[in-house]
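The sequence lines fix the lettering, A, B, ..., with proteins before strands; numbering per chain opens at 1.
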2 protein chains.
Amino acid sequence: MEKKLNILLAEDDDNLGLLLHSFLKSKGFNVELLRNGKLAFERFNQAAFDFCIFDVMMPEMDGFTLAKEIREIDKKVPILFLTAKSMKEDKLEGFSIGADDYMTKPFSMEELLARIEAIMRRSETTQNVEDDVYMIGNIKFDSQSRLLYTQGEPTKLTTKENQLLKLLCKNKNEILDRQATLRAIWGDDNYFNGRSMDVYIAKLRKLLREDDRIEIMNIHGKGFQLLVKN
Amino acid sequence: MEKKLNILLAEDDDNLGLLLHSFLKSKGFNVELLRNGKLAFERFNQAAFDFCIFDVMMPEMDGFTLAKEIREIDKKVPILFLTAKSMKEDKLEGFSIGADDYMTKPFSMEELLARIEAIMRRSETTQNVEDDVYMIGNIKFDSQSRLLYTQGEPTKLTTKENQLLKLLCKNKNEILDRQATLRAIWGDDNYFNGRSMDVYIAKLRKLLREDDRIEIMNIHGKGFQLLVKN
DNA sequence: AATGACTGTTAAAAAAAGTTAAGCCCTTAC
DNA sequence: GTAAGGGCTTAACTTTTTTTAACAGTCATT
């Protein structure tokens with residue numbers, strides 16, 4: 001599950017500020033809007049932000065000064081500057097402070113979003129391996145290594161068995177929609193893929209048969225449901 | 001002790017290409033200039049680059065296609081696009097591929113430098129081991145010298161073994177796409193190259209067998225995944 | 001109860017991958 | 001020049017995985 005990103009937005013122009021605020025919120029970010037650099041700096045020190053967007057020209061404390069202050073205490077947090085017109089000297093100064101990007105007004109919201117995502121992609125830790133371990137009744141299932149710890153020797157699942165069982169586990173006790181599952185695993189929900197899925201459901205039932213509290217139930221015309229009783 | 005950055009530059013216009021080449025060289029980078037996307041892709045797979053600068057419009061293979069191919073096998077290397085004029089759709093497409101930045105011609109050399117440095121500052125902090133040395137479980141693998149430090153005598157890998165293992169390492173715990181890998185290492189994803197690759201997978205499995213936490217797993221119809229259990 | 005769409009299950013067919021060995025090509029050594 | 005060896009590809013055969021077929025059973029609706 002993705003964590004919501006906290007964005008610190010410093011912009012004195014209310015028109016633009018509110019627009020950005022609502023746009024970014026609509027895109028699933030947490031956004032705090034501050035009217036000048038001084039307030040933004042105070043706020044930065046109170047909470048944990050993942051991303052900064054600063055207007056260069058602001059009363060009280062301009063964007064560059066704000067960025068410098070912040071770089072004193074945080075070398076890594078990404079900072080993106082907004083400026084009224086394309087001033088080459090400004091750009092250079094911004095980058096020398098340690099800006100990660102730079103946008104000239106006016107700009108499109110889509111582009112802003114794209115840049116935020118590009119910057120965040122880089123800073124994301126690429127090596128976080130979520131452990132995909134589920135308990136189905138008292139049968140352990142490790143989707144990462146594709147092992148199902150049945151009695152005796154663990155069973156090594158095939159790619160498709162693994163994908164399907166994982167989806168069932170993620171939706172344990174809920175209905176797993178037939179068409180959505182087909183599109184997710186097989187890419188297309190045509191007749192033959194549907195039959196293929198039914199074959200895999202049969203395989204999984206056979207594997208899980210040893211624990212009789214486990215049931216993969218069919219909801220006619222809707223999909224399947226992994227049920228684990230008491 | 002800063003290591004010299006290797007920059008892959010793909011630009012078909014010789015005027016701009018040579019200008020960029022000499023400018024960046026003068027700033028202390030190693031730069032390789034290729035005239036089209038196809039050549040650039042081949043080169044990318046032969047050496048280790050830290051940064052890519054691609055013109056969008058090029059013969060043989062355009063910058064976007066090139067970037068897509070590269071992203072299949074390397075999710076992290078920074079890519080900066082150059083384009084003749086500011087086309088919003090182009091920008092968006094570029095970012096969606098996973099571009100890190102975007103510059104519209106004409107631009108100043110200083111700004112280019114500033115952007116490269118901004119991008120590198122970020123990726124430096126996140127990745128510190130790009131010396132082509134990987135740890136696979138407790139087996140050390142130095143792709144530079146092609147040595148795999150197995151028990152007893154280190155094994156000297158062949159070119160293909162080395163290339164394949166390196167790609168697997170770069171995508172550790174992720175799926176390495178079969179077709180993309182074939183295009184990257186063999187240049188073409190026909191049937192026989194596919195079989196050749198399977199032979200090399202078998203060789204690598206044999207070499208890595210001594211550590212049973214290591215597994216090269218097949219994802220049927222998709223590719224391979226180097227899995228290292230903790 | 002009859003109909004047709006949907007599901008359960010097993011088996012056969014097809015496609016993909018695992019493995020070992022033979023063959024080919026290029027380089028190096030005699 | 002030719003023999004030897006390494007590296008890569010191709011071949012051959014096996015096994016695994018997935019799809020398709022076939023047939024039986026179920027469910028909702030009429």
Under the salt bridge (Lys or Arg N to Asp or Glu O under 4.0 Å) criterion, do B:E72 and B:K68 qualify, and how do the steps go?
-> CA-CA 6 Å; B:E72 289 281 328; B:K68 270 183 211 154; over 6 Å; no
Per the side-chain contact (heavy atoms from CB on, under 4.5 Å) rule, which among B:I136, B:L148, B:L165, B:I214 passes with B:L207?
-> B:L148
B:L226 and side-chain contact (heavy atoms from CB on, under 4.5 Å): which partner among B:L168, B:N173, B:L167, B:I175?
-> B:L168
Between A:G221 and A:K206, the residue closer to the 5' end of DNA chain C by nearest nucleotide is A:G221
Tell me the interatomic distance from [X], atom [atom1], to [N], atom [atom2], rounded to whole angstroms.
X	N	atom1	atom2	value
B:N193	D:dC8	CG	P	13 Å
B:I185	D:dC8	CD1	P	11 Å
A:N162	D:dT16	CG	P	18 Å
B:L182	D:dT9	CG	P	10 Å
B:Q163	D:dG7	CD	P	14 Å
B:D189	D:dT9	CG	P	14 Å
B:I201	D:dT9	CD1	P	14 Å
B:Y200	D:dT10	OH	C1'	12 Å

Would you say a side-chain N or O of B:W186 is under 4.0 Å from OP1 or OP2 of D:dC8?
-> no
Can you check whether A:D177's main-chain N or O pairs, donor with acceptor, with A:T181's side chain at less than 3.5 Å?
->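 A pair under 3.5 Å: yes.
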Assign a letter to each nucleotide of nucleotides 21-30 of chain D from its 5' end: B, base within under 4.0 Å of a protein heavy atom; S, sugar-phosphate only; -, no contact.
-> SB----S---
Does the side chain of [X] reach to within under 4.5 Å of the side chain of [Y], using non-hydrogen atoms?
X	Y	value
B:L112	B:L20	yes
A:Y200	A:Q163	no
B:D198	B:F224	yes
B:L24	B:I53	yes

Are B:F54 and B:F64 an aromatic pair by the rule of ring centers under 6.0 Å?
-> no
In chain order, what residues pass the side-chain contact (heavy atoms from CB on, under 4.5 Å) check against B:R35, with sequence neighbours excluded?
-> B:D14, B:L18, B:L33
Contacts of A:A48 meeting side-chain contact (heavy atoms from CB on, under 4.5 Å) (sequence neighbours excluded), chain-then-number -> none
Evaluate the side-chain hydrogen bond (donor to acceptor under 3.5 Å, both in side chains) criterion for residues B:N36 and B:D12: first the C-alpha distance (whole Å), next the side-chain angles of each, then the deciding distance (0.1 Å), finally the verdict.
-> CA-CA 6 Å; B:N36 69 58; B:D12 64 311; over 6 Å; no
When you measure from every atom of DNA chain D, which of residues 152-161 of chain A have a heavy atom less than 4.0 Å away?
->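 Within this stretch, A:T158, A:T159, A:K160 sit under 4.0 Å of the strand.
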Using a cut-off of strictly less than 4.0 Å between a heavy atom of the residue and any atom of DNA chain D, enumerate the qualifying residues of residues 207-214 of chain B by number.
-> none
May I ask you to decide whether A:R146 forms a salt bridge with A:D132, counting only side-chain N to carboxylate O separations under 4.0 Å?
->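 Salt bridge: no.
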Given A:R183, A:R178, A:R195, the one that forms salt bridge (Lys or Arg N to Asp or Glu O under 4.0 Å) with A:D189 | A:R183
Describe the nucleic acid contact of B:N218 in one word from base, sugar-phosphate, nothing, applying a heavy-atom distance below 4.0 Å.
->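 Sugar-phosphate contact only.
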How would you give the extent of chain A contacts on DNA chain C, as first and last nucleotide 5' to 3' within a 4.0 Å heavy-atom cut-off?
->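 The footprint of chain A covers C:dC6 to C:dT10.
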